[in-house]
Amino acid sequence: MNNHTTQSVTRFAPSPTGLLHIGGARTALFCWAFARKTAGRFLIRIEDTDTARSSATSETAILEALAWLGITWDDGPPPPTGYSGFGGDERNVAPFHQSRRAEIYDKYFNQLLDAGLAYPAFDTPEELDAMRAEAQAAKQTFRYTMPEGYDFAAARKRAESGERHVLRLRTPEEPITVNDEVLGEINFTTAHYDDFVIRKADGMPTYHFAVVVDDALMGVTHVLRGQEHLNNTPKHIALQQALGFDIPVYAHMPLIFNAKGAKMSKREQDQAVRVFCKDNEIVAPPEGTIDPAIFEKWLGDKKAQMETDQLQSLASALELDLPEVSVDDFRAAGYLPEVITNFIALLGWTPSKQDDGSDREKFDMDFLAKDFELSRIGKSNARFDRDKLMSFNQDAIGAMDPSEFTARYLAWCKQYAPNLLTQLGDRFDAFARMVHPRAKTFVHAAEPGAFVFIETDAIEYNEKNVKKFLLKGEPSGLETLTSGRAMLASLEEFTPEPIEAAIKAFCEANELGMGKLAQPLRIAMTGCAVSPGLGDTLSILGKETVLDRIDRCLSHHSAETA
RNA sequence: GCCCCCAUCGUCUAGUCAGGUUAGGACGCCAGGUUUUCAUCCUGGUAACAGGGGUUCGAAUCCCCUUGGGGGUGCCA
């Protein structure tokens, strides 16, 4: 036996029917981590046996999301555009799309058929429905088993003559024990599996069959997947036994839910927008978002789901943050890939303790690749806490040096906020530097800098702040603002440091606290007493605008002092 | 209905396998401090072993029951 055959192989096998769900991302991450940890291989396989729902677009989106997270694969489709250095077919196990493996499946279908371990069944969906209803009425679990006196030869003849049929596996009558690395030993009696379908009427293998054949042929040694598959496992083992395959190691991991304890789903997003519309009595879509007819129909039907991009344009027009569900959602919301992987790794898995014995929470992909252990996967489902994710993201952004933040923020804006870029022009670097210390996500980053984008004439002054910082005191804020204006007007270099220095010197010379000038200036610039650092705030506006805003503020409030 | 899995602060979790801890950390929340505002940062606080039976000198930890949560029960994956 050579090293090649003893090497561990894990796989992530998405079905290309949508974006990469955050739960799927965690499964992929753990599969990746286990392969790295054990110096094995991680492979990607595309499970596109559901021809009606699968699409190339969603396959591309899923691969791109994985690559963006830094979850790269050894075997599988080529890397998405813009990535390189992973994927391929070094071990000669392709194709990686189940839709292109029909011949392979046929070979094994025939093997089972010849051995009498699989048989054609001709029941129509309606007949099956009736049988299920009957079992339900009798308060029993429906189990399909081979009819008494089943005539193999006759059935094969019917099948070969083209009669519509499926293939079912003859399952054993003995209980099956699953040895799960996470859950332990679980015994399944025959009540858990019946003669399930292994080939659909359209000739495609079912999930159960394809997964078992492909895993075996692709040398998969460790199957790490969500707990929703636990009940499928005896079926897979029955199939492996019938086919003479080795049984891989199984590890079923807990599920991830939203804050409410429900499954995270796209439906949740539709729900959020619909509730918002109803609460705010919005009966028509904002101008330039979506077709009013579509909107109306969607609003009226609680279960209706809108296309993802339509929903997003609607949400952004309503200034509503959509609950994120897919990796793409989190990416668009301005979360960092290294933060997402760090955070989801913590959902259902615990890293080793730090050297001093304290708990570890922050780590990168390299650490995960070294530290990952199946034994530290938990058993109970986890809720996804966006507050904590946000906190991690803020910490990570805060830890970047300014040039890194600027570069990454720029890259994000190019993709998700091009308007910001055109409005800012060559002031982008200064803007990025200004908002960096306050940024929780790239989406939220621009908020403290909102004053940059409004017209001076459109500034609305906060009444409370005006009273406190402009009208009261001796000298009043307005008086300080007036003398401060002259000082700023005479300033030659209008960049952050000189501005800060000049303001400081001015306050000291006049024996004033910094706030005496700073707060009135903030109100003049933004309308309220909150802004980023004064040097940044003033310099990004430019001297002319700063003086304009001071003048407007002064004239606006002079009547009140009189 | 039937079957399977799970159960520590509001949330993620350490501790459970090899019973003995003031049940620890993180996010959140509250209070105080630093700061020209905000944010950051610092300090402190809040808050949990689902309930009931056992076993034991001793139970978060082992066993049973109840309750609660989740999953499955497809010619979806």
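First the proteins, then the strands, lettered A, B, ... as listed; each starts at 1. Note that the structure is a prediction, hence the values are computed from the model and not measured.
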Nearest to the side chain of [X], which nucleotide is it out of [options]?
X        : options             : result
A:Ser391 : B:G10, B:U36, B:G28 : B:G28
A:Ser380 : B:C6, B:G25, B:G10  : B:C6
A:Ala382 : B:U13, B:C5, B:G28  : B:U13
A:Phe188 : B:A77, B:U36, B:C4  : B:C4
A:Leu183 : B:C6, B:C76, B:U37  : B:C6

Does [X] make a cation-pi contact with [Y] (under 6.0 Å, within 45 degrees of the axis)?
X        : Y        : value
A:Arg158 : A:Phe122 : yes
A:Arg168 : A:Tyr144 : yes
A:Lys235 : A:Tyr193 : no

Atom pairs under 3.5 Å: protein N/O with N/O of nucleotides 66-75 of chain B:
| from | atom 1 | to | atom 2 | distance (Å) |
| --- | --- | --- | --- | --- |
| B:G70 | O2' | A:Asn381 | ND2 | 3.0 |
| B:G71 | N2 | A:Asn231 | ND2 | 3.2 |
| B:G72 | O4' | A:Asn231 | ND2 | 3.4 |
| B:G74 | OP2 | A:Arg132 | NE | 2.7 |
| B:C75 | OP1 | A:Arg132 | NH2 | 3.3 |
| B:C75 | OP2 | A:Arg132 | NH2 | 3.4 |
| B:C75 | O2 | A:Ala201 | N | 2.8 |
| B:C75 | N4 | A:Asp123 | O | 2.9 |

Item to complete: Pick base, sugar-phosphate or nothing for A:Lys353, based on heavy-atom distances below 4.0 Å to the nucleic acid.
Response: sugar-phosphate

Item to complete: Determine the contact category for A:Glu500: base if any of its heavy atoms lies under 4.0 Å from a base atom, sugar-phosphate if only primed atoms, P, OP1 or OP2 are that close, otherwise nothing.
Response: base

Fill in: Derivation and outcome, side-chain contact (heavy atoms from CB on, under 4.5 Å), residues A:Leu69 and A:Leu29
CA-CA 9 Å; A:Leu69 288 172; A:Leu29 179 65; over 6 Å; no

Worksheet item: What do the steps show when you test A:Phe372 against A:Phe30 for ring-ring contact (aromatic ring centres under 6.0 Å, His included), and what is the final call?
Response: CA-CA 8 Å; A:Phe372 189 77; A:Phe30 286 2; 5.2 Å; yes

Practice prompt. Considering just the side-chain nitrogens and oxygens of A:Lys388, establish if one lies under 4.0 Å of OP1 or OP2 belonging to B:C27.
Written response: no

Discussion item. For a quick test of reading the model: is some side-chain N or O of A:Thr350 closer than 4.0 Å to OP1 or OP2 of B:A14?
Written reply: yes

Worksheet item: With A:Ser99, which residues qualify under side chain to side chain contact (heavy atoms under 4.5 Å, CB included), at least two apart?
Response: A:Asp48, A:His97, A:Met204

Worksheet entry | Nucleotide opposite B:C2 in a Watson-Crick or G-U pair, distances under 3.5 Å | B:G72

Worksheet, complete the sentence: In A:Phe392, A:Phe384, A:Phe442, A:Phe343, the residue satisfying ring pair (Phe, Tyr, Trp, His ring centres under 6.0 Å) with A:Phe330 is A:Phe384

Worksheet item: Considering only the C1' atoms, how many Å lie between B:U21 and B:U8, rounded to the nearest integer?
Response: 14 Å

Discussion item. Using the C1' atom as the point on both nucleotides, what is the distance between B:C65 and B:U22, in whole Å?
Written reply: 33 Å

